[in-house]
Amino acid sequence: MEINDVSVREQQFHERVRETLICVLLFSCLYIVSYLILTHFKKNAEFVTDDIEDATVNKISLWLCTFTLSVAVCAVLLLPISILSNEVLLTFPHSYYMQWLNGSLIHGLWNLVFLFSNLSLVFLMPFAYFFIESEGFAGSKKGVMSRVYETAVMLLFLSLLVLGMVWVASALLNHNNARESLYDLWECYLPYLYSGISLFGVLLLLLCTPFGLSRMFSITGSLLVKPRLLENVEETMNCAVMEEASLNRKLNNSASSCWVHVNMEAVRKQFLSVQAKRIALELRRRASPWQRNLGYPLAMLLLLALTVVCVLMVCFHILELLFDETAMPRGMEDPRLGMASFSMFGSLGAAVEVVLILYLMVSSVVGFYSSPLFSSLLPRAQDTTLTQIIGNCVSLVVLSSALPVFSRTLGITRFDLLGDFGRYNWLGNFHIVFLYNVVFAGLTSACLMNTLTWTVQRELIRAFGLHKLPRTVSRSAIPFRLLVASGLSKIQ
C-alpha cells in the first residue's frame, strides 16, 4: 500500500515539474518575442543618456512592459491552445508523446494568465509609470532606491483610492454585503475589481471590433496590389518618371536661384508625392499577373467570408440564448480534454473557431488604434516614448485578457471559461449577454454594409478611370447604375 502511495506521489511530482517546465518555456519564448517587438519601437534616446540613473530606471520599466506584453500575447493564445489541444487529444487518444498535453496543464495556464494579467494591470504598469516619473523624496539621497521608495508610496495611495472606489460602488449596488464584508478584501473586493476590469475590456472590444472589421478591408487593400481594368501601367509609369525628373530639375535650379522659400516647399511636397506614386507603380509593374489580378480579390473575399461567418455565428447564438440555457457563458473546473469536440463540425469547425478568434483579436487592435480617441497611442518604429509603450501595454492587456470572455459570450466557441475567468459576476446575467450579442451583430452588420457600398463604388470609379474627372464632378453626383453602364461600355 505504501509503495503504491509513493508511486502516485512521484507521478504527481513529475507531472507538476513537467507542467512548470512547459509554462516556463512558453513564457520565455513569448518574453523574447515581446522584447524584440518593444526594442523595435522604443525611442533609443531614452536609454542612451549621460544620466546612468535615468537609463537604469528606463530599462527596469522596459522589462516590466516586456513582461506585460508577453502576458497579453499568452492571453490571446489561451483559447486557440485549449481548442487545438482538445482536437489533438481526440485525434491521438493513446499516443505516448501526447501525454504531457492534459487538462491540468491547460487549467494551470489559464490560472497563471489570469493572475499575471491582473498583476500587470493593478501593480506592474502603475509601478512602471510612477517609476519613470519619480525623482525621489525631497532631501533624500539621490539614486534608484530613492525613486523606488517614492513609487511604492504613490502606488500605496493609488491602491487605497481604487479600493475605496470599489467599496463605494459595491455599497451602492449591495449595501448589506458591503457593510458585512468591509474587511474581506480577498474574497469580495478583489474579485469585484477584476469583474469590473473584465467588463470594461469586453465593452471596449464591443466598440473596437466592429470598427476594426470594417477597417481591415481598407488596410489590406493598401498592402496589396489592386487590379486596374483599363490602366496602362507602362504609360503611367513613364509619365510619373518624366514628372519626377522635371520636379527634380526645378529643385536643383531653385537651390542656386533666389526662389521664395514657400515655392520650394510646394515643389518639394509635389516631388515627394510623385516619387511615392512612381514607387507604387513600380510595385504594380513588378507584380505577377496572378498577384495583380487575383491576390486582391481573393484577400477581400477571405475577409468578407470571415466577417460574415462571425455575424452568422453570433446571430445563431442569439437564437440559442432564447431557447437553450446551456448557451450562456459559464465557468468549468475540469476541462476534460479529449472527450468530445467543442465544435459541432469536428476538427474543421475547431480550426475555423481558432481562425475567427485570432481574426477578431487583430480586428479589435486595428479598431482600437484607428479610433480618434486612441490613435495617439499608435507606436512608431524607433520613435515611441516609454510612456506610450506603457499605455500600449495596458491597452493590449485589457483587450487580450477580455478576449476569452468576449469569444465565449458571442458564441464563437463552445469552450467554457476555466478558472477565475468564469467567475465574473455579470456572466450569469441573461439580459447583459443577450443585449451584448444583439449590439455586436447590429454594429458589425452596419459597419460591413457601409464599408462594402463605399468600397465597391470607389473601386469601380478607379477601375474604369472615372477618378480622372474634373474636381467639380463629385462622386455622390454619379449614380451607381451609371458607373456600371459606363464601365461596360468601355469594355465593349
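Along the sequence shown, the residues carry numbers beginning at 1. Because only heavy atoms are used, hydrogens play no part in the values below, and waters and symmetry mates are left out as well, while side chains stay in.
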Indicate yes or no: at least one non-hydrogen side-chain atom of [X] is less than 4.5 angstrom from one of [Y].
X: Lys42; Y: Thr39; answer: yes
X: Thr444; Y: Cys310; answer: no
X: Ile357; Y: Leu403; answer: yes
X: Val308; Y: Leu448; answer: yes
X: Leu79; Y: Arg408; answer: no
X: Gln388; Y: Arg380; answer: yes
X: Ile389; Y: Leu38; answer: yes
X: His317; Y: Leu410; answer: no

Is it true that a side-chain atom of [X] and a backbone atom of [Y] form a donor plus acceptor pair closer than 3.5 Å?
X: Ser445; Y: Gly442; value: no
X: Ser214; Y: Phe211; value: yes
X: Asn437; Y: Val433; value: yes
X: Asn392; Y: Leu377; value: yes
X: Thr384; Y: Phe41; value: yes

Review point. Counting only heavy atoms not in Met313, do more than 12 sit closer than 6.0 Å to its CE atom?
Key: yes

Review point. Taking everything shown except Tyr436 itself, do over 12 heavy atoms lie less than 6.0 Å from its OH?
Key: yes

Review point. Do you see a donor-acceptor pair shorter than 3.5 Å between the side chains of Thr307 and Tyr359?
Key: yes

List the atom of [X], the atom of [Y], and the distance in Å for their closest heavy-atom pair.
X: Arg215; Y: Ser370; result: NE-OG, 3.4 Å
X: Val354; Y: Pro80; result: CG1-CB, 3.8 Å
X: Phe131; Y: Arg147; result: O-NH2, 3.5 Å
X: Cys315; Y: Ala441; result: SG-CB, 4.3 Å
X: Leu155; Y: Pro126; result: CD1-CB, 3.6 Å
X: Ser347; Y: Glu87; result: OG-OE1, 3.1 Å

Roughly how far apart are [X] [atom1] and [Y] [atom2], rounded to 0.5 Å?
X: Leu213; Y: Cys208; atom1: CG; atom2: SG; value: 11.0 Å
X: Tyr369; Y: Ser371; atom1: OH; atom2: OG; value: 10.0 Å
X: Ile132; Y: Phe127; atom1: CD1; atom2: CZ; value: 11.5 Å
X: Ile37; Y: Leu30; atom1: CD1; atom2: CG; value: 9.5 Å
X: Leu158; Y: Phe130; atom1: CG; atom2: CZ; value: 5.0 Å
X: Leu206; Y: Leu443; atom1: CG; atom2: CG; value: 6.0 Å

Practice item. Pick out which of Phe114, Tyr31, Phe27 makes a side chain to side chain contact (heavy atoms under 4.5 Å, CB included) with Val71. Key: Phe27

Check your understanding: Given Ser400 and Val73, is the side chain to side chain contact (heavy atoms under 4.5 Å, CB included) satisfied, shown in steps?
Key -> CA-CA 7 Å; Ser400 60; Val73 176; over 6 Å; no

Check your understanding: What do the steps show when you test Leu302 against Thr220 for side chain to side chain contact (heavy atoms under 4.5 Å, CB included), and what is the final call?
Key -> CA-CA 11 Å; Leu302 178 61; Thr220 306; over 6 Å; no

Check your understanding: Do the ring planes of Phe430 and Phe434 sit parallel (below 30°), tilted (30 to 60°) or perpendicular (above 60°)?
Key -> parallel

Practice item. On the 0 to 90° scale, with breaks at 30° and 60°, tag the Phe374-Phe368 ring pair as parallel, tilted or perpendicular. Key: parallel

Practice item. Please test Glu19 against Arg16 for side chain to side chain contact (heavy atoms under 4.5 Å, CB included), starting from the C-alpha separation and ending with a verdict. Key: CA-CA 5 Å; Glu19 293 173 6; Arg16 180 66 64 180; 4.1 Å; yes

Exercise for review: Apply the test side chain to side chain contact (heavy atoms under 4.5 Å, CB included) to residues Ser82 and Leu109: give CA-CA distance (whole Å), side-chain angles for both, the deciding distance (0.1 Å), then the verdict.
Suggested key: CA-CA 10 Å; Ser82 303; Leu109 191 61; over 6 Å; no

